[in-house]
*Asks:* 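Pasting a structure here, questions to come.
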Amino acid sequence: MKNFRQHSLALLTTLTLAALLVVSARSIALAQGRAEARAQSASAPQKTDTVPTGNAKNGKTVYTTTGCYECHGREAQGGAGTGPKLGPGAIPFSAFVFQVRSPREQMPPYTSKVLSDADLADIYAFVQSLPQPPKVESIPLLK
């Protein structure tokens with residue numbers, strides 16, 4: 001019985017250490033990705049908030065294939081406990097780019113290796129092309 005307990009304790013210790021290694025490796029990878037994104041943002045020349053011309057149709061494709069909709073919704077409306085509302089008109093283009101390249105919280109960084117500046121312009125064009133949601137007062141069930 002004593003031998004069984006020793007083996008059980010050894011197995012439990014090994015599993016705990018393995019889990020800690022996985023969590024540590026993931027944290028290191030996230031930190032490296034964020035550091036790379038910050039370096040890209042810091043080395044890029046500061047731009048005024050001019051919005052580049054983007055292709056909304058391509059932006060919808062990139063938005064969907066990259067998985068943005070999984071947190072921000074198909075219509076970029078955001079939701080409780082997921083990503084924030086992206087549009088239309090939710091944030092200026094420069095803030096959009098900064099958040100994508102150097103995100104806070106749970107969003108992974110999307111460096112220029114993953115999403116080009118043209119892709120970001122296209123996604124922003126798509127998000128801005130979406131219609132505004134109806135005003136609360138105009139929804140009969142909410143009166």
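Keep in mind that the numbers below use all heavy atoms, side chains included, and drop hydrogens, waters and symmetry copies.
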*Asks:* Cut-off 3.5 Å, no hydrogens considered: what does the side-chain donor-acceptor table look like for residues 126-136, sequence neighbours left out?
*Replies:*
unit_1: Gln128; atom_1: OE1; unit_2: Gly89; atom_2: N; d: 2.8
unit_1: Ser129; atom_1: OG; unit_2: Phe126; atom_2: O; d: 2.6
unit_1: Gln132; atom_1: NE2; unit_2: Pro88; atom_2: O; d: 3.4

*Asks:* Taking only residues at least two apart or on different chains, which pairs with a member in residues 56-72 satisfy side chain to side chain donor-acceptor pair (under 3.5 Å)?
*Replies:*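 Counting only pairs at least two positions apart or across chains, the side chain to side chain donor-acceptor pair (under 3.5 Å) contacts touching residues 56-72 are Asn58-Asp122.
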*Asks:* For a 4.5 angstrom cut-off between non-hydrogen side-chain atoms, does Phe98 reach Pro103?
*Replies:*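 No, every pair of side-chain atoms sits at 4.5 Å or beyond.
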*Asks:* Give me the atom names and distance for the closest heavy-atom approach of Phe96 to Ile123.
*Replies:*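 That would be CZ-CG2, 3.7 Å.
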*Asks:* Is there a donor-acceptor pair closer than 3.5 Å between any side-chain N or O of Tyr124 and the backbone N or O of Phe93?
*Replies:*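 Yes; judged by distance alone, with no hydrogens or angles, the pair exists.
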*Asks:* Please examine the side chains of Lys85 and Ile91, heavy atoms only from C-beta on, and report whether any two atoms are closer than 4.5 Å.
*Replies:*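 No, side chains not in contact.
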*Asks:* Kindly compute the distance separating SG (Cys71) from CG (Leu86), expressed to the nearest 0.5 Å.
*Replies:*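 Going from SG on Cys71 over to CG on Leu86, the span is 10.0 Å.
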*Asks:* At their closest point, which heavy atom of Ala121 faces which heavy atom of Pro52, and how far apart are they?
*Replies:*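 That would be CB-CG, 3.6 Å.
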*Asks:* Nearest 0.5 Å, please: how far is OG in Ser102 from CE in Met107?
*Replies:*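 Met107 CE to Ser102 OG: 10.0 Å, rounded to 0.5 Å.
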*Asks:* Hey, does the side chain of Arg101 reach the backbone of Pro109 with a donor-acceptor pair shorter than 3.5 angstrom?
*Replies:*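 No, because the side chain of Arg101 does not come within donor-acceptor range (under 3.5 Å) of the backbone of Pro109.
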*Asks:* In sequence, state the C-alpha distance, the side-chain angles, and the governing distance for Leu142 and Glu137, and then conclude on side-chain contact (heavy atoms from CB on, under 4.5 Å).
*Replies:* CA-CA 7 Å; Leu142 298 178; Glu137 306 83 48; over 6 Å; no
*Asks:* Could I get the full list of side chain to side chain donor-acceptor pair (under 3.5 Å) partners for Thr82, not counting sequence neighbours?
*Replies:*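 For Thr82 there are no side chain to side chain donor-acceptor pair (under 3.5 Å) partners, ignoring immediate neighbours.
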